[in-house]
Amino acid sequence: MTKHKHYTGLIDRYRDRLPVSATTRIISLNEGNTPMIQLQNIPRMLGKDVDIYVKFEGLNPTGSFKDRGMTMAVTKAVEEGSQAIICASTGNTSASAAAYAARAGIKAFVLIPDGKIALGKLAQTLMYNATIIQINGNFDKGMELVKEVANHAPVTIVNSINPFRIDGQKTAAFEIVDDLGFAPDYHCLPVGNAGNITAYWKGYTEYATDRVCGNRPVMCGYQAAGAAPFVAGKMIDNPETVATAIRIGHPQSWDFAWAAQKESGGWFDKFTDEQILAAQKMLSQYEGIFCEPASAASLAGAMQDIASCKIPEGSKIVCTLTGNGIKDPEIAMQQCADAKPVTIDASLDAVKRAILDCL
Ligand code: F0G
């Protein structure tokens, strides 16, 4: 019998590259190890000779990439004796914080913009039993408040200004290189608070420094047109987009994200809500991959830059799909408003007719 190793999460897998010791109690839900799926139909439709892989982070335990950072941040918070964590969130960080707090047996407080988070994210955060504080302000205001309140109450901030979050999230870059056997030429991802682009760049840089890979990818950061401070070159005050996950105007990791862009020779760009939603639908329809709207910004960007040859033929491209489409059922239903289910009699004849009508 071959020796079997049960997968126990990304801290265990990459512990020699993470700040834990042999005695650290690891708070994990076996996150990470997400699939890299090569797109088959979309590249053909683009008529370009490119390899596009998606790193489907929506298959993490709470349905987004945040779990990578949260396993690390909560592990360290518990190691340091913290009894409570806090974050501001557009929905995914709050769901992840709530789950890992439940796992650790500590309290989670989450500040969310009232009415501006996707239904699934709210539902899961409630189920994990976090204390949800809705504010009549956006994510940026919530972030400001969280930073202030942490000076007045015994809570550990688990937003990506917590450096352990970045350490956990950098493992996605390790997985990509370990999976492909090389680093991609281009890495495309949505940018909101800019923690993830910071983390990927850190991961690729560590692997390149240690000669695990020969190159680092060009980093392409894509934003929603109504929430694109990196494209504007300045913070913006009233971000708006259907992709609520990235409805952010004052990104916390501003300098780190610019460093990733400059050092990699990459760029930022922005896409309208319509372009983002079209990319989300394409991925579902033509590849069978259902991501949330914000995640699809990575593909919207890749498709545009491949079509214009800014990303040349022959390139190997990775797009991060940051979250699962199931989190935002309301947008999905709106996207498919024209494809209402048909209702028929429960008879063989009627079912047969319904099928033949569609063929
Ligand atoms: N995609 C999704 C699905 C997200 O939830 C986020 C951020 C991003 C992309 C952007 O990543 O902030 O590292 O640049 N969501 C945070 C939250 C802000 O509160 O869940 P980033």
Side-chain angles (χ1 to χ4, degrees), residues 54-60 62-70 73 86-99 108 110-113 116-118 120-122 124-125 130 132 135 138-143 146 157-162 165-166 168-170 172 187-202 219-224 227-230 239 241-254 256-258 260-261 268 271 276 279-280 290-301 319-328 331:
V54 296
K55 177 79 169 152
F56 194 12
E57 292 286 274
L59 295 181
N60 273 297
T62 77
S64 87
F65 72 96
K66 304 289 180 179
D67 296 344
R68 292 183 183 276
M70 208 53 74
I86 191 167
C87 65
S89 180
T90 55
N92 280 327
T93 301
S94 52
S96 187
V110 307
L111 268 72
I112 56 171
K116 291 288 185 181
I117 84 165
K121 301 175 189 179
L122 187 59
Q124 60 182 151
T125 307
I132 301 181
I135 58 165
N138 60 23
F139 169 86
D140 301 311
K141 183 68 194 170
M143 200 60 244
V146 160
I157 299 178
V158 294
N159 282 104
S160 54
I161 55 172
N162 177 332
R165 277 279 310 278
I166 304 297
Q169 284 174 213
K170 76 184 177 186
H187 190 117
C188 304
L189 78 172
V191 173
N193 208 23
N196 214 25
I197 190 170
T198 302
Y200 270 104
W201 189 240
K202 185 168 191 214
M219 300 298 292
C220 308
Y222 300 122
Q223 303 208 279
F230 286 104
T241 168
V242 69
T244 50
I246 50 173
R247 186 172 166 269
I248 294 171
H250 289 243
Q252 296 295 312
S253 295
W254 182 256
F256 291 125
W258 281 113
Q261 176 266 322
F268 295 108
F271 294 87
I276 290 171
Q280 185 200 23
F290 184 23
C291 68
E292 65 173 286
S295 309
S298 61
L299 182 73
C319 293
T320 302
L321 299 181
T322 45
N324 198 307
I326 299 171
K327 282 173 172 275
D328 202 338
I331 294 294

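None of these values were measured; they are calculated from a predicted model. All ligand and atom numbering here is 1-based and tracks the order in the structure.
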_Is there a polar contact between ligand 1 and Ser295, counting only N or O atoms under 3.5 Å apart?_
no

_atom 12 (O) of ligand 1 - nearest protein heavy atom and its distance_ = Asn193 N, 2.7 Å

_At less than 4.0 angstrom from any non-hydrogen atom of Ser89, what atoms of ligand 1 do you find?_
17 (C), 19 (O), 20 (O)

*Ignoring angles and geometry beyond distance, decide whether Ser94 reaches within less than 3.5 Å of ligand 1 through its nitrogen or oxygen atoms.*
no

_Regarding ligand 1, does Gln169 bring an N or O atom to under 3.5 Å of one of the ligand's N or O atoms?_
no

*asked:* With heavy-atom distances below 4.0 Å as the criterion, list the atoms of ligand 1 near Glu292.
replied: 3 (C)

*Identify the closest protein heavy atom to atom 11 (O) of ligand 1: which residue and atom is it, and at what distance?*
Phe65 CZ, 3.5 Å

_Set of residues satisfying salt bridge (Lys or Arg N to Asp or Glu O under 4.0 Å) with respect to Lys55, sequence neighbours excluded_ = Glu175

_Contact check: Pro190 vs ligand 1, nitrogen or oxygen atoms, below 3.5 angstrom_ = no

*Tell me, please: is Ile248 in heavy-atom contact with ligand 1, that is, under 4.0 Å?*
yes

*Any donor-acceptor N/O pair, Lys327 side chain to Thr62 backbone, under 3.5 Å*: yes

*Could you tell me whether a side-chain N or O of Asp328 sits under 3.5 Å from a main-chain N or O of Ala118, the two making a donor and an acceptor?*
no

_Thr90: numbered ligand 1 atoms lying under 4.0 Å from its heavy atoms_ = 15 (N), 16 (C), 17 (C), 18 (C), 19 (O), 20 (O)

*Considering heavy atoms of the protein only, find what lies nearest to atom 2 (C) of ligand 1 and give residue, atom and distance to 0.1 Å.*
Thr322 OG1, 3.3 Å

_Looking only at side-chain N and O atoms, does Gln169 offer a donor or acceptor that is under 3.5 Å from a partner on Lys202?_
no

_Testing the basics here: between Asn196 and Thr322, what is the closest heavy-atom pair and its distance to 0.1 Å?_
ND2-CG2, 4.1 Å

*What atoms of ligand 1 come closer than 4.0 angstrom to any heavy atom of Thr93?*
16 (C), 17 (C), 19 (O), 20 (O)

*asked:* Looking at ligand 1, would Ser64 count as a contact under a 4.0 Å heavy-atom criterion?
replied: no

_Whether Ser160 lies under 4.0 Å from ligand 1, heavy atom_ = no

*Sub-3.5 Å N/O-N/O distance, Gly195 and ligand 1*: yes

*Does Gly323 reach ligand 1 with a nitrogen or oxygen that is under 3.5 Å from one of the ligand's nitrogen or oxygen atoms?*
no

*Do Cys291 and Leu299 come within less than 4.5 Å of each other through their side chains, counting heavy atoms only?*
no

*How are the rings of Phe268 and Phe230 set relative to one another: parallel (under 30°), tilted (30 to 60°) or perpendicular (over 60°)?*
parallel

*Look at atom 8 (C) of ligand 1 and say which protein heavy atom is nearest, naming residue and atom and giving the distance to 0.1 Å.*
Ile246 CG2, 3.6 Å

_Side chain proximity check, Met143 to Gln252, heavy atoms < 4.5 angstrom_ = yes

*asked:* Is there a polar contact between ligand 1 and Asn196, counting only N or O atoms under 3.5 Å apart?
replied: yes

*With a cut-off of 4.0 Å, which atoms of ligand 1 are near a heavy atom of Asn92?*
2 (C), 3 (C), 4 (C), 5 (O), 20 (O)

_Close side-chain approach of Leu122 and Ile132, heavy atoms under 4.5 Å_ = yes

*Checking Ser298 side chain against Leu189 main chain: does a donor-acceptor pair fall under 3.5 Å?*
no

*Please work out whether the ring planes of Tyr200 and His187 are parallel, tilted or perpendicular, with thresholds of 30° and 60°.*
tilted

*Does any non-hydrogen side-chain atom of Tyr222 lie less than 4.5 Å from one of Ile246?*
no

*For atom 4 (C) of ligand 1, what's the nearest protein heavy atom and its distance?*
Ala245 CB, 3.6 Å

*Look at the side chain of Asn324 and the backbone N and O of Ile326, then say whether any donor-acceptor pair between them is shorter than 3.5 Å.*
yes

*For Val191, counting its heavy atoms only, list the atoms of ligand 1 lying under 4.0 Å from any of them.*
14 (O)

*Quick one: nearest non-hydrogen protein atom to atom 16 (C) of ligand 1, plus distance?*
Lys66 NZ, 2.9 Å

